[in-house]
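Below, all heavy atoms of this structure are taken into account, side chains as well, without hydrogens, waters or symmetry copies. Quantities reported herein were computed from a predicted structural model and do not represent experimental measurements.
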Amino acid sequence: MKYSTLLFMLVSLISIARAQHDDHSNSTTSKSDSNYYPGAERVVNSTGNTVTYHLTVSDTIVNFTNKRMHALATNGQIPAPTLLFTEGDTAELFVHNKTDKTVSFHWHGILLPNKFDGVPILTTEVINPGDTYLFKFKIIQHGTYWYHSHTELDEQIGQYGPIVIQPRDGISMKEKVIHLSDWINEQPWEVHRTLKRHSDWYIIERKAVQSYARAIATGNLGTKLWFEWNRMPDFDLADVYYDAFLANGHQSSNADEFEPGDSVRLRVINGGASSHFWLEFSGGSMIVVAADGLEIEPVVVNKVFIATAETYDLIIAIPANGSYEFRATSWDRAGHSSVWFGKGEKHQAPTLPRPDYFKLSNEMIEMGNMMDMTMGIAPKNAPETEVFPPGMAPEHKMNHEEGNDTMSMGGMHKNPLGTTMTGYNQIQAAFPGDVLLNYDMLKAKVPTTLHSDRPTRIVHLFLTGNMRRYVWSINDLPLSKADKILINKGENVRFVMHNTTMMSHPMHLHGHFFRVVNKQGEYSPLKHTVNIEPMETLTMEFAATEDKDWFFHCHLLYHMMSGMARTVSYDHPQDPELKEDQQQYKKFVSDDRSFFPFAEVQVQNNGLFGELNLHNTYWLLNVEGKSNWSGEYEIEPKVQRYFGPRQFFAAYLGGDFSRHEVKNSETGIRYKEDEQLATAGLRYFLPMSLWADLRVDHNGDFKLALEREEIPITQRWRIGASVEYDLKEDWEYTINTFYILTKYIALSANYDNEFGWGGGLLIVY
């Protein structure tokens, strides 16, 4: 009986999905029905097919987790108002800036004139405090899209909202927008600074530290040592630990506008700043009917992995009795948001297992060995960009063998496209009967192959980065140091994307849709954002039909701001209305050169130990020092430059200023002796995460040092050591340890061969 009921529901859902595509004779959902679009702003003025909205951006205070925080609201709300259109309308959007800084909106996935794309300086004029800017463009598509800030890190604090565009004939089904987002009780700049200083606080909060104690207890010491030997940080899924995950601005809400038995089209938008989500519905299967706004062949699944900036349209059927949870769980399984459908007893969606990071680490090691890929950098023999005459381009390699969900490579099971090291295998193992969506399942409703009578430009792009210093790049260069990707109108452009890093990267191309080449062949889906998994190679291609400059970037906000972006340029002069020159473009690309400060001070009974730092992508201004309570001290300032794609090598100029107590060998009198030295040195990052330092001072004396910081013994306990050999003064060494209490405070102790034993507090900024 149970199976017959499930079969009946499944057949019903499929019938509904097909009907909503083919039968437009029924009444359509009203654009003005706010029940289906929570927070939808009323249309201020509608003249014919012109739909006008006034969007006012202002500062506000929010309280999502019992803590008041500054945010940016649009028309007084977060998310911003849902913008409702019908294909063929003209959008007229007045953006009013009521803040004391510049603001912006990018209309994500919308095809429109370049000057209205919304990227400040690159395409669109800056909206200064007190200004109003009019975006006006024809709506030439339908589907589920969204809009968000492209100004610094403002997207993280509330600058996002849904866009719903109905087809001309409407859709004969009830609908609901679910706009997902992530929230942290820190200002975004502080989040970015935390990542830049390689703090593991967020890893501690999600209990994901791969410590030596944990490695030994789980039999993964070899895996831990492999990572250490290869100078790699521990594997992790997410960068940031968020305090809350929201759906339409709430951690949990009820969809009271729907009745048992209703079939509902969910328009799900991942508007998170840097979170992917797993989607589930406790009331049964879901039918995926659209991806990134475009209709696809319906796919029946139990779980959907939605990457940052993607959208999926899903059809659910609300069971007759009870309240059923639509749950979006963050990909690190640190939390979730819920929307409840139906009335009565609550039926929760299944809880997903916590990630086993050592298993994921072993998967990554196998993938890296199989791909013969150096992690984090582009190969020295990377293919150059080539342009082939019409009909002469080589056949593109399918991301998987056509018609085969998996393939064997070096004896290893290969995941379907877009699932490598997302925790997909662990979730599938926990729910063996469930169907999990992957990119190979996405099939366009019509052929998407590009015309063969055009030249084809093939560009190989390697996603690269240095996780320790949080520098993200493409082909080893951040945006600020890279040339534009030049293309010509009338070409077919093929980007072959190679992810050499341990992180997923959802790549978004402004102003275009591209084919994600998958097992569906000529029916490969069109998307505007695609998630590229660690060690994965993926081909995307598009027709170059636009002009001017368009942004292409990782949609993980902190990755983009740290350099993983490019400008795709049709080699056409910028819009003269912008009045921007090359100097302004340099300003646009300068975000990844921003400097971030951090400091550490140990206050102990044997003295003060600390360092001050100001650093960016390539430069470090550093001052290290120690002092005991009797007036002896040593201070070493330096200016350091990192070199190489993984920044294992650095050179510096600095000084050494010290005061030490010495004893006159003849009189026995003790006195303080000052010394000032100019220094120059080289540093190299060795296996086992050791820094080697060789320096020379202006007197010609050499000093060799080895240093290892923050060895994770347990989740919160760290040890470190440094040793120096000076040809003139023999040995100096320090052993230190600390136990982390909060993000900024730890208990500390050390032994310094000059100052002896001590204990106290470590204060971190």
Is it true that a side-chain atom of Thr617 and a backbone atom of Asp592 form a donor plus acceptor pair closer than 3.5 Å? yes
Please answer whether the main-chain N or O of Thr99 pairs with a side-chain N or O of Asn97 as donor and acceptor at a distance below 3.5 Å. yes
Strictly below 4.0 Å, N to O, side chains only: are Asp89 and Lys138 in salt-bridge contact? no
Does a side chain donor of either His276 or Asn531 reach within less than 3.5 Å of an acceptor in the other side chain? yes
Would you find a donor on one side and an acceptor on the other, under 3.5 Å apart, between the side chain of Asp200 and the backbone of Ile203? no
Between the side chain of Asn475 and the main-chain N/O of Leu477, is any donor-acceptor distance below 3.5 Å? no
Could you state the interatomic distance from OG (Ser562) to CE (Met467), rounded to the nearest 0.5 Å? 10.0 Å
Any donor-acceptor pair under 3.5 Å linking the side chain of Thr124 with the backbone of Pro120? no
Please determine, by modelled atom types, if His54 and Thr132 share a side-chain donor-acceptor pair under 3.5 angstrom. no
Between Phe64 and Leu246, is a side chain to side chain contact (heavy atoms under 4.5 Å, CB included) present by the stated rule, with each step listed? CA-CA 9 Å; Phe64 291 119; Leu246 308 176; 3.8 Å; yes
I'd like to know if the side chain of Lys527 reaches the main chain of Thr529, judged simply by a donor and an acceptor atom lying under 3.5 Å from each other, with no hydrogens or angles considered. yes
Flag, side chain of Ser104 to backbone of Thr151, donor-acceptor distance under 3.5 Å: yes
Ser338-Gln251 side chain donor-acceptor pair, cut-off 3.5 Å: no
Rounding to 0.5 Å, atoms CZ (Phe598) and CD (Glu611) come to a distance of 6.0 Å
If the condition is salt bridge (charged side-chain N to carboxylate O under 4.0 Å, His left out), which residues does Glu491 pass it with, not counting sequence neighbours? Arg457
When you compare the side chains of Tyr242 and Ser275, does any donor N or O come within less than 3.5 Å of an acceptor on the partner? no
Within a strict 4.5 Å, meaning less than it, do heavy atoms of the His553 and Met507 side chains meet? no
Less than 3.5 Å apart, any donor N or O on the side chain of Arg593 or Ser480 sitting next to an acceptor on the other? yes
Which distance, rounded to the nearest 0.5 Å, do you find between the OG of Ser274 and the CG of Leu557? 7.0 Å
Under a 3.5 Å threshold, yes or no: a donor from one side chain and an acceptor from the other, between Glu92 and Thr50? no
Do Thr123 and Asn114 pair up side chain to side chain, a donor and an acceptor below 3.5 Å, judged on atom types alone? no
So, Glu186 and Lys743, do they make that salt bridge, N to O below 4.0 Å? yes
Go through the side-chain N and O atoms of Lys67 and Asn185 and say whether any donor and acceptor fall under 3.5 Å apart. no
Return yes if a side-chain donor-acceptor contact under 3.5 Å exists between Tyr618 and Gln647, otherwise no. no
Would you say Thr464 and Ser473 are linked by a side-chain donor-acceptor pair, where the criterion is simply a distance under 3.5 Å? yes
For the ring pair (Phe, Tyr, Trp, His ring centres under 6.0 Å) test, which of His108, His510, His512, His106 pairs with His528? His108
Check: Asn270 side chain, Ala307 main-chain N or O, donor-acceptor pair, under 3.5 Å: yes
Counting distance only, does the side-chain N/O of Asn499 pair as donor-acceptor with the main-chain N or O of Ile532 below 3.5 Å? yes
Does Arg641 qualify as a cation-pi partner of Phe643, given the criterion of NZ or CZ under 6.0 Å from the six-membered ring centre and within 45 degrees of its axis? yes
Starting from the C-alpha separation in whole Å, work towards a yes-or-no answer on side chain to side chain donor-acceptor pair (under 3.5 Å) for Ser504 and Glu533. CA-CA 5 Å; Ser504 298; Glu533 292 301 319; 2.6 Å; yes
Checking Gln156 against Asp182 for the side chain to side chain donor-acceptor pair (under 3.5 Å) test, could you report, in this order, the C-alpha distance in whole Å, the side-chain angles of both residues, the deciding distance, and whether it holds? CA-CA 8 Å; Gln156 178 74 88; Asp182 42 33; 3.3 Å; yes
Should Ile485 and Phe495 count as side-chain neighbours, where that means a heavy-atom distance under 4.5 Å? yes
Does either side chain, that of Asp243 or that of Thr65, offer a donor lying less than 3.5 Å from an acceptor on the other one? no
If you look only at pairs with a residue in residues 467-483, which of them pass as a salt bridge (charged side-chain N to carboxylate O under 4.0 Å, His left out), with sequence neighbours excluded? none
Within the 3.5 Å criterion, strictly below it, is a donor on His555 or Thr308 matched to an acceptor on the partner's side chain? no
Would you check if there is a donor-acceptor pair between the side chains of Thr567 and Tyr585 at a distance under 3.5 Å? yes
Candidate pair Ile163 and Ile110, rule side chain to side chain contact (heavy atoms under 4.5 Å, CB included), full reasoning: CA-CA 9 Å; Ile163 300 174; Ile110 303 298; 4.2 Å; yes
Compute whether any side-chain donor of one residue and acceptor of the other, for Asp239 and His559, lie under 3.5 angstrom apart. yes
Please step through side chain to side chain contact (heavy atoms under 4.5 Å, CB included) for the pair Trp107 and Asp117, ending with a clear verdict. CA-CA 6 Å; Trp107 318 98; Asp117 187 56; over 6 Å; no
N/O donor-acceptor pair under 3.5 Å between Asn466 side chain and Tyr470 backbone: no
Apply side-chain hydrogen bond (donor to acceptor under 3.5 Å, both in side chains) to Asp131 and list each qualifying residue two or more places apart in sequence or on a separate chain. none
Please assess Ile377 against Thr500 for the test side chain to side chain contact (heavy atoms under 4.5 Å, CB included), listing each intermediate value before the final yes or no. CA-CA 6 Å; Ile377 63 173; Thr500 73; 5.7 Å; no
When Pro637 is tested against each of Val623, Leu621, Leu612, Asn622 for side-chain contact (heavy atoms from CB on, under 4.5 Å), which residue passes? Val623
Quick one: sort the His96 and Phe94 rings into parallel, tilted or perpendicular, breaks at 30° and 60°. parallel
Are Arg267 and Glu175 ion-paired here, with the side-chain N under 4.0 Å from a carboxylate O? yes
